[in-house]
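Worksheet for the structure shown next.
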Amino acid sequence: MKLTRKVKEILSWYESDNPGTKSNIARILMTGKLAGTGRMVILPVDQGFEHGPARSFAPNPAGYDPHYHFELAIEAGLNAYAAPLGALEASAASFAGCIPTILKVNHSNSLATLKDQAVTATVADALRLGCSAIGFTIYPSSEFQFEMIEELRELAAEAKAAGLAVVVWSYPRGPMLDKTGETALDIAAYAAHIAALVGAHIIKVKPPTAAISLDAAKKTYSSYPVEDDAAARFAHIVKACFNGRRLVVFSGGEAKGADSLLNEVRAIHAGGGNGSIVGRNAFQRPKEEALKLLSDIIDIYKSKP
Ligand code: FBP
């Protein structure tokens, strides 16, 4: 496989990584309909863990079968599929080598009151299952954020030594943040920057709103305002990811109308984001509808920003 100039440029940003890790980043970037563009669309299906089975799969019961998600990601021509250990194990032989996979190695669930995650898989599991990366969630602002960051430090070091890539879901939540604060522009940029600093190769955050939440940051943002425009907000997050030297993708959120999701994708693309990680908006739709939506998303990322 010949790497495109764009992918070679992206790999050059990861100055300390070994050939194994770079190959795995390249595998993700060179797979699917966006291969070689530097843009990515990833299917994450860990919502069964996070929200429970019915909330996740009742809208499209095909999703109760872990094989369905592999098929959806492959047919849609996505770059990668991310899932917890059990789901990847339940599909391992059927889909080995068909699409790069990201093993989510920690999880929360909706039966907990505290904002924490359990480590549920290992780097050895990721290697055994042929994954390209491990995925890890941190909750900046939670009472357990420092323990989570330390767990990530250990797992990321192990994954990198084994030649895997590291994808970090950085989701601010905890006692000092209300719902508005969790996706406020300053907080989202801060969360993305923490993920970059802890050594993520690919950073995943939620789309930011125009709100500014942290009192200590308000003066700075009023002196150096970010234009009130979605693309400018995405560009601000890209800046927080080492001025674009780290790949950053944005989550799709709860199922919503196709137009609203596509407008968000246009803004991510215009702002220089590297793509989308779309779960519920894909697997909760009937398959044909999901394939059409994913194809429209891919077309946007293929177009000139
Ligand atoms: P969605 O596109 O369904 O939002 O998936 C992205 C994701 O990060 C999942 O990996 C995760 O399960 C979910 O969002 C968490 O959502 P929430 O923060 O709303 O609980």
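All ligand and atom numbering here is 1-based and tracks the order in the structure. By convention here, the first residue in the shown sequence is residue 1.
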Electrostatic pair K292-E289, nearest N-O below 4.0 angstrom:
no
What does the 4.0 Å heavy-atom contact list look like for ligand 1?
P44, D46, Q47, E50, H51, W169, Y171, R173, K204, K206, S251, G252, G253, I277, V278, G279, R280
Is there a side-chain contact between F95 and L88, using heavy atoms and a 4.5 Å cut-off?
no
Any luck finding a side-chain donor-acceptor pair between T137 and K104 under 3.5 Å?
yes
Residues 6-53 vs ring-ring contact (aromatic ring centres under 6.0 Å, His included), sequence neighbours excluded, gives Y14-H201, F49-H107
Around atom OH of Y64, are there more than 12 heavy atoms from other residues, nucleotides or ligands closer than 6.0 Å?
yes
Is E89 paired with R128 through a side-chain N to carboxylate O contact shorter than 4.0 Å?
yes
